[in-house]
Amino acid sequence: MSIKAVRGMHDLYGEELRRWSAVEKKMRAVCEAFGYSEIRTPALEQVEVFKQTVGDDTDIVQKQMYLVANQEATEKLVLRPEGTASFIRAVIEHGLHQSGQPQRFYYNMPMFRYERPQKGRQRQFHQLGVELILDPTPEADAEVIALLDHLFRSLGLRNFEARINAIGCADCRPAYKKALVDYLRPRLSQLCPLCQSRFERSPMRVLDCKNESCQAVIKDAPTISSSLCDACKTHHAQVLKRLKELKLTFIEDPKIVRGLDYYNRTAFEFLSSSLGAQSALGGGGRYDGLSSRFGEKPFPAIGWAVGIERVLIALEQEGLLPKLDPVNDVYFAALGQQALDLLIPISISLKKQGVPVHLLYEADKSLKSHLKSADKLGAQFTVVLGENELAQKKVLLKNMRTSEQEMIDLSNLESTLKGKVKRAD
Ligand code: AMP
């Protein structure tokens, strides 16, 4: 077939999807234990949601957005490239920021970015993220960072490190930007073309450019720590103090600036050595001013997002993929039409009670091939109903793990299996 899934977007099914679900379930449980409740926003947003917020000069807005139009082209929409701007749009739309109390949310949603696909980088990918609004304290920063650290640890991941930076605020960042521009200007010819074009408007973005020659220039660039205002300095010191109290290990890294315009004060990334070139498992920061870009009064907010694909790659690399139980715990082998007629209602009744039963609607398959199928499906029990069993109104129940078998009354089949097989959630 020549029609294929869109490049950089993947179908998920079978074992892979079951592993995803198991990992997602754990991650949701961690977020909920920390008091975060789920929010889902539409995949499509008005273009302005991102243009006004993420920054005109960012890769996301300049080249990665999937623009979508309806047939009459009356609306200009975009497939959400990230979660935070949509989240704040929803918060303001529903007045959630007027509660006066800190509020905690998490999301688990697909994102869309037109990027060059490679391992760990897709055009449709999935992010789990948290957002904590209306809490300006450094303790809130420490909480979300500790939550992210715990999230990875609870999955068993160990080969990662947290990198944390303070990126200043509207008061102190202009002075730093000027110092950086002054440093970069005489070295302009050594920067990559992209950094050359944006160094005046977004000099801090040069700091996290992956290009080797840019990295060489940046090595000796001034860092923001000397330009921070007193309030930012105190905030940052308190975040680090809290993290140390929580026994979190982290590295202070002046190069972590995050790519987007809306961050202030705390910025962080978690990098994994299990990931190869795309080494970021997740990242985030404080974004107290984002709401003002929607014309609202600014209110404090902080959050992060992790890439679920990358978490799964790291888990696989570290041999930590969750073990899966077989889907079909019970296999019914109906030998003949009469057996099939009897087993159909019993199988449906068991399924309704949460006992996964596999029954082929086929009456003339041999016992040997039934047993082969049961094995292939990883069934825990096989129930055989053939002529002999029918004559005695019994079935043969075989434990496929121990090979033990017993004859039980057909009338007791349901209750016996209910007792033996753990019900699906
Ligand atoms: P960002 O907001 O770009 O920092 O993204 C947060 C996290 O999402 C990253 O640390 C990655 O784990 C993941 N991520 C970002 N872009 C992609 C992509 N194109 N494909 C897969 N995962 C991604």
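We count ligands from 1, going down the list as the structure has it; atoms in each ligand are counted the same way. When a residue number appears, it is its place in the shown sequence, counting from 1. Hydrogens, waters and symmetry mates play no part in the numbers below; they use all other heavy atoms, side chains included.
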- Begin from the C-alpha positions of Glu161 and Arg163 and carry the test salt bridge (charged side-chain N to carboxylate O under 4.0 Å, His left out) through to its verdict. CA-CA 6 Å; Glu161 59 189 23; Arg163 293 180 173 242; 2.5 Å; yes
Any N or O of [X] closer than 3.5 Å to N or O of ligand 1:
| X | value |
| --- | --- |
| Arg258 | yes |
| Ala305 | no |
| Ala280 | yes |
| Glu269 | no |
| Phe125 | no |
| Gly307 | yes |

- Step through it carefully: locate the ring centre of Tyr287, locate the ring centre of Tyr262, and say whether they are under 6.0 Å apart.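 Yes.
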Per-atom contacts of ligand 1 with [X], taking only distances under 4.0 Å to non-hydrogen atoms:
| X | value |
| --- | --- |
| Glu115 | 16 (N), 18 (C), 19 (N) |
| Gln122 | 18 (C), 19 (N), 20 (N), 21 (C) |
| Gly282 | 10 (O) |

- Query: Does Ile164 reach the side chain of Ile251, with side-chain heavy atoms less than 4.5 Å apart?
  - Reply: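 No. Closest side-chain heavy atoms not under 4.5 Å.
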- Task: On the 0 to 90° scale, with breaks at 30° and 60°, tag the His358-Tyr331 ring pair as parallel, tilted or perpendicular.
- Result: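 The rings of His358 and Tyr331 lie parallel, inter-plane angle below 30°.
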- Counting heavy atoms only, which of Arg310, Gln127, Glu82, Met111 comes nearest to atom 11 (C) of ligand 1?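 Result: the heavy atom closest to atom 11 (C) of ligand 1 is in Arg310.
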- Glu318: partners by salt bridge (charged side-chain N to carboxylate O under 4.0 Å, His left out), with sequence neighbours left out: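 Expected list: none.
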- Query: What is the distance from atom CD of Glu414 to atom OG of Ser349, rounded to the nearest 0.5 Å?
  - Reply: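 Here the rounded value is 3.5 Å.
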- Query: In chain order, what residues pass the side chain to side chain donor-acceptor pair (under 3.5 Å) check against Glu16, with sequence neighbours excluded?
  - Reply: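 Once residues adjacent in sequence are excluded, Glu16 has no partner under the side chain to side chain donor-acceptor pair (under 3.5 Å) criterion.
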- Should the pair Glu269-Arg258 be classified as a salt bridge under the 4.0 Å nitrogen-to-oxygen rule?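 Salt bridge between Glu269 and Arg258, a charged N being under 4.0 Å from a carboxylate O: yes.
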- Query: Heavy atom of Glu309 under 4.0 Å from ligand 1?
  - Reply: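 Not so, Glu309 does not reach ligand 1.
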